[in-house]
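Counting starts at 1 for both ligands and their atoms, in listed order.
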Amino acid sequence: MERVYNFSPGPSMLAEPVLKKAQAEMLAYGSTGMSVMEMSHRSKMYTDIYDKAVADLRELMAVPEDYEVLFLQGGATQQFSAIPLNLMVKGKADYVDSGNFAHLAAEEAKRYGEVNIAATSRADTYTYVPDLSSAAFDPEADYVHITQNNTIYGTRFVELPDVKAPLVTDASSMILSEPMDVTKYGVIYAGAQKNIGPSGLCVLIVRKDLLGRANPLCPKLLNWEVQAKAGSMYNTPNTWGIYLAGLGFEWLKSVGGVEAIEKVNIEKAQLLYDYLDESKLFKPTAQAKYRSRMNVTFVTGDADKDAAFVKAAAARGLVNLKGHRTVGGMRASIYNAMPVDGVKALVAFMKQFEAENA
Ligand SMILES: *Cc1c(COP(=O)(O)O)cnc(C)c1O
């Protein structure tokens with residue numbers, strides 16, 4: 001059976017060479033005579049896989065030595081709890097509420113301390129990222145949390161807030177899609193199922209001086225210092241997920257790394273937004289300045305037409321274009337693994353649909 005172009009927001013497409021390599025190594029990895037899934041996480045054969053994944057991610061993102069790279073479980077959502085548990089020393093944090101996940105992160109943090117919503121676009125259905133220059137950041141905050149790409153609404157931060165407290169970013173739907181200056185952050189975390197690998201895994205990059213501040217009641221598994229000392233293996237990690245993430249890092253290096261993929265990502269997003277800007281049928285929903293390069297949201301303005309479009313596209317092998325259940329419309333998620341040809345095929349089909357349904 002032929003593969004489709006999968007525009008799912010997550011879990012999402014993986015690069016074909018990654019899947020093929022995993023397939024080729026499924027029964028016996030190297031000379032080990034066993035699948036990666038069957039290996040002890042403490043064995044040399046597995047720790048080699050782990051160490052290479054960490055080293056490749058460090059290289060791809062130019063992670064400085066004074067940062068730890070961890071592969072944790074529970075996705076990005078688990079970190080919504082882990083962040084306040086690890087960082088709230090004075091018991092206060094700033095959150096920028098720029099989307100559904102940002103909101104959930106702030107709501108969870110409220111269980112552990114005082115949360116100041118420094119800026120929000122919630123009242124405007126998150127069609128933009130709130131203005132940061134007028135945001136009310138608390139100089140006493142333990143950290144400032146942002147969600148750098150808003151997966152559901154299709155918006156991205158075009159600049160970072162200028163704050164003194166450590167900046168914590170949920171980079172789930174933008175990590176590795178463009179260069180990030182790691183030194184600007186205290187913590188970068190990302191669920192893997194968008195730009196890294198399979199779900200259930202979360203990459204966390206944390207500045208070492210932020211370790212050792214955890215609330216005494218912080219569960220051991222969520223304690224970054226504990227996990228850093230254990231090399232992400234306080235308990236059995238998601239061994240298979242880390243292996244696949246590692247294959248993804250190898251693939252990204254082979255196509256030129258983050259700077260090269262950023263160019264491709266800009267090209268893909270431009271193809272879609274250029275067409276949306278001229279279309280008489282489809283309208284982009286995010287404010288132009290804040291348009292995401294990863295999640296492109298649009299509507300026809302007619303729910304029946306939206307549904308007809310999503311159905312007709314799926315019949316052409318352009319699948320998972322339905323918008324999030326909370327907002328409706330359409331969303332094309334075009335992460336690193338989506339080839340330019342997939343976006344070209346989508347635009348060609350949108351033009352045809354427009355001609356037939358205008
Ligand atoms: C997908 C996503 C999440 C949730 O990730 P899980 O791995 O399901 O916990 C959180 N934040 C952002 C920005 C996301 O895109």
Side-chain angles (χ1 to χ4, degrees), residues 6-14 70-85 93 95-109 111 120-122 125-130 143-158 160-161 167-178 180 185 187-205 219 221-222 232 237-238 240-242 244-245 248 265 269 286 290-297 320 322-327 331-338:
N6 181 3
F7 294 91
S8 167
S12 34
M13 263 183 110
L14 293 175
L70 302 175
F71 287 95
L72 305 174
Q73 302 182 57
T77 305
Q78 182 78 282
Q79 297 306 315
F80 294 174
S81 324
I83 289 158
L85 281 164
Y95 278 71
V96 177
D97 182 9
S98 58
N100 191 49
F101 289 115
H103 193 75
L104 291 172
E107 286 296 311
E108 179 65 13
R111 304 180 61 216
T120 178
S121 49
R122 188 169 173 83
T125 15
Y126 298 122
T127 49
Y128 56 90
V129 169
Y143 62 91
V144 175
H145 182 280
I146 63 169
T147 309
Q148 219 164 318
N149 183 79
N150 296 285
T151 321
I152 294 174
Y153 303 91
T155 62
R156 70 189 278 270
F157 278 63
V158 290
L160 296 178
L167 184 61
V168 177
T169 189
D170 178 351
S172 294
S173 50
M174 58 75 70
I175 195 168
L176 295 172
S177 71
E178 60 180 277
M180 294 172 84
Y185 302 88
V187 178
I188 298 172
Y189 69 105
Q193 68 273 29
K194 281 115 192 195
N195 249 341
I196 294 176
S199 61
L201 186 68
C202 182
V203 166
L204 186 105
I205 302 170
L221 259 183
L222 303 195
S232 310
N238 180 348
W240 176 251
I242 295 167
L244 278 172
N265 287 331
Y290 299 104
R291 285 173 175 173
S292 168
R293 296 172 183 165
M294 296 284 102
N295 313 96
V296 179
T297 48
N320 287 324
K322 195 166 185 284
H324 191 265
R325 58 197 145 78
T326 54
V327 287
R331 169 175 47 171
S333 295
I334 50 174
Y335 301 115
N336 285 356
M338 173 62 68

What closest approach, in Å, do T151 and R331 show between heavy atoms, and which atom pair accounts for it?
-> O-NH1, 2.8 Å

Look only at the side chain of Y153 and the backbone of N295, and say whether a donor-acceptor pair between them is shorter than 3.5 Å.
-> no

Does T125 use its side chain to pair, donor to acceptor, with the backbone of T127 at less than 3.5 Å?
-> no

Which N/O atoms of ligand 1 sit under 3.5 Å from a protein N/O, and at what distances?
unit_1	atom_1	unit_2	atom_2	d
ligand 1	7 (O)	A76	N	3.2
ligand 1	7 (O)	Q193	NE2	2.9
ligand 1	8 (O)	Q193	NE2	3.4
ligand 1	9 (O)	A76	N	3.2
ligand 1	9 (O)	T77	N	2.8
ligand 1	9 (O)	T77	OG1	2.5
ligand 1	11 (N)	D170	OD2	2.6
ligand 1	15 (O)	T151	OG1	2.4
ligand 1	15 (O)	K194	NZ	2.7

Qualifying residues under ring-ring contact (aromatic ring centres under 6.0 Å, His included), relative to F7, sequence neighbours excluded | none

Modelled atom types, side-chain donor and acceptor of S292 and N149, under 3.5 Å | yes

Is it the case that N265 and S177 place a side-chain donor and acceptor less than 3.5 Å from each other?
-> no

